[in-house]
Asks: 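Take a look at this one; I'll ask things after.
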Amino acid sequence: MAERFRRYAGNPILTAADWPYPANAVFNPGATRYNGEVLLLVRVEDFQGISHLTAARSPDGRSGWRVDPEPTLLPDPLRHPEEFWGIEDPRIVFLEEEGLYAVTYVAYSRGGPLVALATTPDFRTFHRLGPILPPEDKDASLFPRRFRGRWAMIHRPMPTAPGARPNIWLSFSPDLRHWGDHTVIIEARPGGWWDSDRVGLGPPPIETPEGWLIIYHGVRQTASGRIYRVGLALLDLEDPRKVIRRSAEWVFGPSAPYERVGDVPNVTFPCGAVLDPASGELLMYYGAADTCVALATAPLQDLLDYLRHCPT
């Protein structure tokens with residue numbers, strides 16, 4: 001099987017050496033378009049091991065990155081104790097109804113990682129709504145619009161029962177604060193599958209005429225550690241609880257040196273993607289080996305054509 005995404009020749013596009021202040025690693029960026037540019041909200045790990053978020057901007061989403069001279073969003077443990085050990089792995093969605101960008105992120109609390117939400121009009125000022133799901137939970141993103149009057153969010157709780165695997169869940173809310181109707185939509189497959197250890201959402205859901213395109217990470221536990229690869233699924237446009245298709249194979253995985261070697265080896269972990277409307281190309285931004293930021297691209301129509309032949 002050929003991989004469905006092509007690595008950008010200039011990878012990695014951002015490393016700690018590009019940062020205007022000391023950083024151990026930069027990775028797992030959320031992505032969106034803002035003011036005619038691609039904006040990444042990058043997870044930055046400092047030399048204490050605590051993470052914060054910093055914006056980087058590019059006119060074409062590939063090169064010429066300008067990084068904010070200081071952290072864009074720092075943990076605030078005094079007013080938000082859920083952020084005691086940092087904030088991580090953002091996903092960005094523009095909520096047209098609200099006229100705001102919604103940033104879901106992992107707040108690392110004393111009780112474990114949980115899903116928190118902030119909104120921003122400009123990536124300079126942020127309004128924190130605080131925790132919206134209890135620990136342990138990660139890999140969350142809103143959908144950009146409501147379904148029958150309710151907001152929807154994908155997330156990945158960590159089960160505590162022996163033998164239970166982390167699956168991808170969907171929940172609904174009337175007000176972005178109170179969440180219910182929780183249901184599993186994508187399960188980690190048993191046995192020797194490439195996504196048998198756990199699954200989790202990558203970039204936010206992407207609306208297409210054929211359904212919501214879901215890019216997710218799947219993990220396999222091996223004798224030498226976990227391998228993080230990327231798969232695809234398609235959800236029904238009007239009822240995202242319905243999974244229409246799901247790839248049996250991974251479509252992207254670690255093979256380049258910067259993906260194989262780093263603080264956490266063998267990791268390709270996407271958190272953001274933007275569409276080039278002129279070319280129809282999807283730009284997927286991912287953390288490589290928990291050390292740097294890289295880019296891979298694919299024509300969106302090619303991904304949908306591939307999914308059309310995947311199992312129901």
Side-chain angles (χ1 to χ4, degrees), residues 8 10-80 82-95 98-108 116-130 140-142 203-204 258 262-263 269-274 276 283-295:
Y8 175 55
N11 276 349
I13 58 172
L14 289 169
T15 72
D18 299 310
W19 241 242
Y21 57 88
N24 170 61
V26 299
F27 54 112
N28 297 4
T32 191
R33 291 194 178 277
Y34 177 71
N35 274 356
E37 297 185 298
V38 172
L39 181 145
L40 302 184
L41 204 51
V42 182
R43 174 180 173 182
V44 182
E45 185 182 87
D46 64 23
F47 287 97
Q48 299 177 98
I50 306 298
S51 292
H52 60 267
L53 307 180
T54 297
R57 297 166 172 84
S58 163
D60 64 359
R62 295 170 173 82
S63 59
W65 294 97
R66 308 184 317 279
V67 180
D68 278 3
E70 55 189 25
T72 306
L73 187 62
L74 280 165
D76 186 4
L78 291 180
R79 285 180 290 185
H80 295 273
E82 70 277 5
E83 299 178 356
F84 185 78
W85 282 313
I87 55 178
E88 309 173 352
D89 302 353
R91 276 80 170 181
I92 307 169
V93 171
F94 181 65
L95 305 180
E98 304 290 326
L100 294 169
Y101 293 87
V103 182
T104 44
Y105 59 95
V106 175
Y108 212 117
L117 174 63
T119 59
T120 179
D122 55 9
F123 296 95
R124 300 293 183 190
T125 58
F126 293 83
H127 171 63
R128 286 171 163 92
L129 282 75
S141 176
L142 299 177
Y258 52 86
D263 283 358
F269 193 94
C271 288
V274 298
D276 183 334
L283 283 68
M284 180 179 74
Y285 299 93
Y286 63 99
D290 277 20
T291 303
C292 59
V293 176
L295 167 66

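Note that the structure is a prediction, hence the values are computed from the model and not measured.
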Asks: Can you tell me how far the CZ atom of F123 sits from the OG1 atom of T54, to the nearest 0.5 Å?
Replies: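 Rounded to the nearest 0.5 Å, the CZ-OG1 separation comes to 13.5 Å.
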Asks: If every non-hydrogen atom of F94 is compared with every non-hydrogen atom of L100, which pair is closest and at what distance?
Replies: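 Heavy atoms only, the tightest pair is CD1-O, 3.4 Å.
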Asks: On a heavy-atom basis, which atom in P75 and which in G86 lie closest, and how many Å separate them?
Replies: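 That would be CG-CA, 3.8 Å.
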Asks: If every non-hydrogen atom of A31 is compared with every non-hydrogen atom of A273, which pair is closest and at what distance?
Replies: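 Here A31 and A273 meet closest at CB-N, 3.8 Å.
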Asks: Could you check whether any side-chain N or O of T32 sits under 3.5 Å from a backbone N or O of I92, counting only pairs where one atom can act as donor and the other as acceptor?
Replies: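 The answer is no, because no donor-acceptor pair under 3.5 Å joins these two groups.
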Asks: Between C271 and P204, which heavy-atom pair has the shortest distance, and what is it?
Replies: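 Nearest heavy atoms, C271 then P204: O-CD, 3.7 Å.
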Asks: Check whether any side-chain heavy atom of Y8 sits under 4.5 Å from a side-chain heavy atom of S63, and report yes or no.
Replies: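 Yes. Closest side-chain heavy atoms under 4.5 Å.
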Asks: Does the side chain of Y285 come within less than 4.5 Å of L14's, by heavy atoms?
Replies: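 The answer is no, as the side chains (C-beta and beyond) never meet within the 4.5 Å cut-off.
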Asks: Distance from L39 atom CG to R33 atom CZ, nearest 0.5 Å?
Replies: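 Here the interatomic distance stands at 11.5 Å.
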Asks: Could you tell me if the side chain of R79 sits less than 4.5 Å from the side chain of R128, heavy atoms only?
Replies: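 No - every pair of side-chain heavy atoms lies 4.5 Å or more apart.
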Asks: Report the distance from atom CG of L78 to atom CZ of F84, rounding to the nearest 0.5 Å.
Replies: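 Taking CG in L78 and CZ in F84, the distance rounds to 10.0 Å.
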Asks: So V26 and D18, do their side chains get closer than 4.5 Å, heavy atoms only?
Replies: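 No. Closest side-chain heavy atoms not under 4.5 Å.
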Asks: According to side-chain contact (heavy atoms from CB on, under 4.5 Å), who are the partners of S58, at least two apart in sequence or on a separate chain?
Replies: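 With neighbours one apart ignored, the set is D60, W65.
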Asks: Under the side-chain contact (heavy atoms from CB on, under 4.5 Å) rule, collect the residues that match up with S51, sequence neighbours excluded.
Replies: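 With sequence neighbours excluded, S51 shows a side-chain contact (heavy atoms from CB on, under 4.5 Å) to R43, E45, E88, given in chain and number order.
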Asks: I'd like to check E83 versus I50 (side-chain heavy atoms, cut-off strictly below 4.5 Å). Are they in contact?
Replies: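 A side-chain contact is absent here, since even the closest heavy-atom pair is not under 4.5 Å.
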Asks: Does any N or O in the side chain of N24 come within less than 3.5 Å of the main-chain N or O of F47, such that one atom is a donor and the other an acceptor?
Replies: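 No, because the side chain of N24 does not come within donor-acceptor range (under 3.5 Å) of the backbone of F47.
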Asks: Using 0.5 Å steps for rounding, measure from the CG atom of L95 to the OH atom of Y101.
Replies: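 Rounded to the nearest 0.5 Å, the CG-OH separation comes to 10.5 Å.
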Asks: Can you tell me if S141 uses its side chain to pair, donor with acceptor, with the backbone of R91 under 3.5 Å?
Replies: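 Not confirmed, S141 side chain does not pair with R91 backbone.
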Asks: In Å and rounded to the nearest 0.5 Å, what is the CG to CG distance from L129 to L117?
Replies: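 Reported to 0.5 Å precision, the distance equals 4.5 Å.
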Asks: Taking L73 as the fixed residue, which of T120, L53, L41, V103 is the one that meets the side-chain contact (heavy atoms from CB on, under 4.5 Å) rule?
Replies: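 So, applying the side-chain contact (heavy atoms from CB on, under 4.5 Å) to L73 and each of T120, L53, L41, V103, only L53 qualifies.
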Asks: Measure across P29 and G287 and return the closest heavy-atom pair with its distance rounded to 0.1 Å.
Replies: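 Where P29 meets G287 most closely, the heavy atoms are CD-N, 4.2 Å.
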Asks: Taking atom CZ of F269 as the centre, report whether more than 12 heavy atoms of other residues, nucleotides or ligands fall under 6.0 Å from it.
Replies: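 Yes.
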Asks: Among side-chain atoms of T15 and Y258, is any donor-acceptor pair under 3.5 angstrom?
Replies: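 No, no side-chain donor-acceptor contact under 3.5 Å.
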Asks: I need the minimum non-hydrogen distance between P20 and D68, along with the two atoms involved.
Replies: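 Of all heavy-atom pairs spanning P20 and D68, the closest is CG-O, 3.3 Å.
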Asks: For E37, what residues pass the salt bridge (Lys or Arg N to Asp or Glu O under 4.0 Å) criterion, not counting sequence neighbours?
Replies: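 For E37, the residues satisfying salt bridge (Lys or Arg N to Asp or Glu O under 4.0 Å) (neighbours in sequence not counted) are R66.
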Asks: Pick one: which of D89, V42, V293 meets side-chain contact (heavy atoms from CB on, under 4.5 Å) with N28?
Replies: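 When D89, V42, V293 are each tested with N28, the side-chain contact (heavy atoms from CB on, under 4.5 Å) holds only for D89.
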Asks: Measure the CD1-NE2 distance between I87 and H80 for me, rounded to the nearest 0.5 Å.
Replies: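 Reported to 0.5 Å precision, the distance equals 10.5 Å.
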Asks: Got Y21 and P71 here, is their nearest side-chain heavy-atom distance under 4.5 Å?
Replies: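 They are in side-chain contact.
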